[in-house]
Amino acid sequence: MGNRRHGISFADRVYKLCRKIPKGRISTYKLVGKKMGRRGQIYRAVGVALKKNPYAPKVPCHRVVASDGSLGGYSAKGGIKTKIKLLKKEGIQVKNNKIIDFEKKLFRF
DNA sequence: CGCTTGACACCGT
DNA sequence: AACGGTGCCAAGC
């Protein structure tokens, strides 16, 4: 250890950021990508990273949704159904696959 | 080393 | 307002 400057992957950085999202709040793939400090649209890669998230739901990737307020996806155990359940449990209301008061609950880091 | 994939976002119709 | 096509990025094979 010690000698690896990058030992941490792009995906790992995504997970780290996700943990910063407070309970009861949500963020978007776009914002996460933006916070990564990269130019261009890396939100695509963010999605791929979260898809492979082995730490769900320990890493609250379920708090990351699409920019238009729709849920996006969830590959972890239980699928999208679980995502909705987790969100509701944390106080986020979901209706018709959309986040209620999206702008309000949005966490902009 | 290049092609394909994917939990998105944006623009045009 | 809803749908479809296009573009970008990192990872896997």
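Atoms considered below: every heavy atom in the structure, side chains included; atoms not considered: hydrogens, waters and symmetry mates.
Within 4.0 Å of A/Leu50, counting heavy atoms only, lies at least one base atom of the nucleic acid.
Relative to the side chain of A/Ser75, the nucleotides C/dA11, B/dA9, B/dA7 differ in distance, and B/dA7 lies closest. With B/dA7, C/dA10, B/dA9 as the candidates, the nucleotide lying closest to the side chain of A/Ala45 is C/dA10.
Of all heavy-atom pairs spanning A/Lys30 and A/Ser67, the tightest one is CB-OG, 3.4 Å.
The base of B/dA7 sits with one of its N or O atoms less than 3.5 Å from a complementary donor or acceptor on the side chain of A/Tyr29.
Spacing between atom CG of A/Leu71 and atom P of B/dG6 amounts to 20 Å, rounded to whole angstrom units. Following rounding to the nearest Å, A/Lys52 (NZ) and B/dG6 (C1') show an atom-to-atom distance of 10 Å. Atom pair A/Lys30:NZ and B/dA7:P shows a separation of 20 Å (rounding to whole Å applied). Straight-line distance from the CD1 atom of A/Ile8 to the P atom of C/dA10: 15 Å, rounded to whole Å. The interatomic distance linking A/Tyr74 (OH) with B/dG6 (C1') rounds to 17 Å, in whole Å. When rounded to the nearest whole Å, the span between CG of A/Asp68 and C1' of B/dC11 equals 14 Å. For A/Ile99 and B/dA7, the CD1 to C1' distance is 13 Å, given to the nearest whole Å. In this structure, A/Tyr55 atom OH and B/dA7 atom P are separated by 19 Å, rounded to whole Å.
A distance-only check finds no donor-acceptor pair linking the side chain of A/Tyr15 to the backbone of A/Cys61 [under 3.5 Å].
Remark on DNA chain C: of its neighbouring residues A/Gln41 and A/Ala11, the 5'-side contact belongs to A/Gln41, judged by nearest-heavy-atom nucleotide. If you find the closest nucleotide of DNA chain C to A/Tyr43 and to A/Arg38, the one lying nearer the 5' end belongs to A/Tyr43. Two residues, A/Val46 and A/Ala66, neighbour DNA chain B, and the one matched to the more 5' nucleotide by heavy-atom proximity is A/Val46.
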Using the 3.5 Å cut-off, write out each protein N or O paired with an N or O of nucleotides 3-5 of chain B and the distance between them.
none

Could you walk me through whether A/Leu87 and A/Ile99 pass the side chain to side chain contact (heavy atoms under 4.5 Å, CB included) test, one step at a time? CA-CA 9 Å; A/Leu87 287 175; A/Ile99 304 292; 4.1 Å; yes
Please determine whether side chain to side chain contact (heavy atoms under 4.5 Å, CB included) holds for the pair A/His62 and A/Thr82, giving the CA-CA distance in whole Å, both sets of side-chain angles, and the decisive distance to 0.1 Å. CA-CA 9 Å; A/His62 58 274; A/Thr82 299; over 6 Å; no
Derivation and outcome, side chain to side chain contact (heavy atoms under 4.5 Å, CB included), residues A/Leu106 and A/Leu31: CA-CA 10 Å; A/Leu106 185 57; A/Leu31 286 178; 3.8 Å; yes
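Dashed line: the shortest gap from a side-chain N or O of A/Ser9 to OP1 or OP2 of C/dA11 is under 4.0 Å.
Few gaps surround NZ on A/Lys98; more than 12 heavy atoms of other groups in view lie less than 6.0 Å from it.
For the side-chain hydrogen bond (donor to acceptor under 3.5 Å, both in side chains) test with A/Glu90, the passing option among A/Arg25, A/Lys23, A/Arg63 is A/Arg63; the others fail.
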